[in-house]
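Being a predicted model, the structure only gives us computed values, none of them experimental.
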Amino acid sequence: MRLCMLLALAPVLLLLSCSRERLMEKVFVVQIKAGEDKLKEYLEYHRAVWPEVEQGFEKAGYRQIRLLRSQHTVVMIIKVPEGADLEAMGKEAEAYNPRCAEWNRLMSGYQEGVPGTAPGQTWTVAEPFYLFGRE
């Protein structure tokens, strides 16, 4: 009787074990150009992100995108499938709908690199260097 119950549950257990995808987290930082008007506009856009943009993120495979800020510095934390090609994902999101590429062009007008980035570079990777606690 127990073997029959286990066999009946096997497809469910297999599905549960296969549905756990491994994610990686990446962190990026950018500076919003000087001026309170620029910052206010940038934040307003993000209070109502265009639906096509979020659909593009989903289509490209992004699992989560979080933005945090301190004054004019913005931190972006993304979660994507482990081993994902972020450049290809970005291109796929932009190709999904012309509004996605339009959004990126519009947002780039508000952004500049943090000190130490190359000329013309905006978002830069923030590398982890300390961790406390258990995962």
ILVMFWY network linking Val49 to Tyr62, side-chain heavy atoms under 4.5 angstrom: yes
Expected output: side-chain Arg63 to main-chain Gly61 donor-acceptor under 3.5 Å: yes
Atom pair CD/CG of Glu44 and Leu39 - distance to nearest 0.5 Å: 10.5 Å
Heavy-atom closest pair, residues Cys100 and Val53: SG-CA, 3.8 Å
Joint hydrophobic cluster, Phe129 plus Phe132, side-chain heavy atoms closer than 4.5 Å: yes
Student check: side-chain heavy atoms of Ile78 and Gln64 closer than 4.5 Å: no
Test side chain to side chain contact (heavy atoms under 4.5 Å, CB included) applied to Val29 and Val74, step by step: CA-CA 6 Å; Val29 64; Val74 174; over 6 Å; no
Cation-aromatic face contact Lys38/Tyr110, 6.0 Å, 45 degrees: yes
Rounded distance (nearest 0.5 Å) linking atom CG of Leu68 with atom CD1 of Ile77: 5.0 Å
Please table the atom pairs, donor to acceptor, closer than 3.5 Å between any side-chain atom in residues 114-122 and protein atoms at least two apart or in another chain.
{"unit_1": "Thr117", "atom_1": "OG1", "unit_2": "Val114", "atom_2": "O", "d": "2.9"}
{"unit_1": "Gln121", "atom_1": "OE1", "unit_2": "Ala118", "atom_2": "N", "d": "3.0"}
{"unit_1": "Gln121", "atom_1": "NE2", "unit_2": "Thr124", "atom_2": "OG1", "d": "3.4"}

Derivation of the side chain to side chain contact (heavy atoms under 4.5 Å, CB included) call for Ile65 and Glu54: CA-CA 10 Å; Ile65 300 175; Glu54 291 184 338; over 6 Å; no
From CD (Gln71) to CD (Gln31), nearest 0.5 Å: 10.0 Å
Atom CZ of Arg47: over 12 foreign heavy atoms under 6.0 Å: yes
Stepwise salt bridge (Lys or Arg N to Asp or Glu O under 4.0 Å) test for Glu87 and Lys91: CA-CA 6 Å; Glu87 189 172 327; Lys91 288 178 183 176; 3.5 Å; yes
Reported CD1-to-CD distance for the pair Ile32 and Gln111, which is rounded to 0.5 angstrom: 5.5 Å
Value rounded to 0.5 Å, distance of CZ in Arg99 from CH2 in Trp50: 4.5 Å
4.5 Å side-chain heavy-atom contact, Lys26 and Leu86: yes
Single-linkage hydrophobic cluster, 4.5 Å side-chain cutoff, Val27 and Val125 together: no
Any side-chain donor near an acceptor of the partner, Asn97 and Gln55, under 3.5 Å: no
Exceeds 12 heavy-atom contacts within 6.0 angstrom, atom NZ of Lys33: yes
Note, Glu25 side chain near Arg66 side chain (heavy atom, < 4.5 Å): yes
Residue pair His72, Glu36: steps toward the side-chain hydrogen bond (donor to acceptor under 3.5 Å, both in side chains) verdict: CA-CA 9 Å; His72 285 251; Glu36 290 307 307; 3.2 Å; yes
Close side-chain approach of Val80 to Met89, heavy-atom, < 4.5 Å: yes
Side-chain donor-acceptor pair present, Tyr96, Glu58, cut-off under 3.5 Å: no
Trp103/Met107 under side chain to side chain contact (heavy atoms under 4.5 Å, CB included): CA gap, chis, key distance, verdict: CA-CA 6 Å; Trp103 175 271; Met107 292 305 107; 3.4 Å; yes
Minimum heavy-atom distance Gly83-Met24, with the two atoms named: N-SD, 3.8 Å
Residue pair His46 / Glu41, side-chain donor-acceptor N/O under 3.5 Å: no
Side chain to side chain contact (heavy atoms under 4.5 Å, CB included) between Leu106 and Tyr45, worked out: CA-CA 10 Å; Leu106 184 61; Tyr45 275 112; 3.4 Å; yes
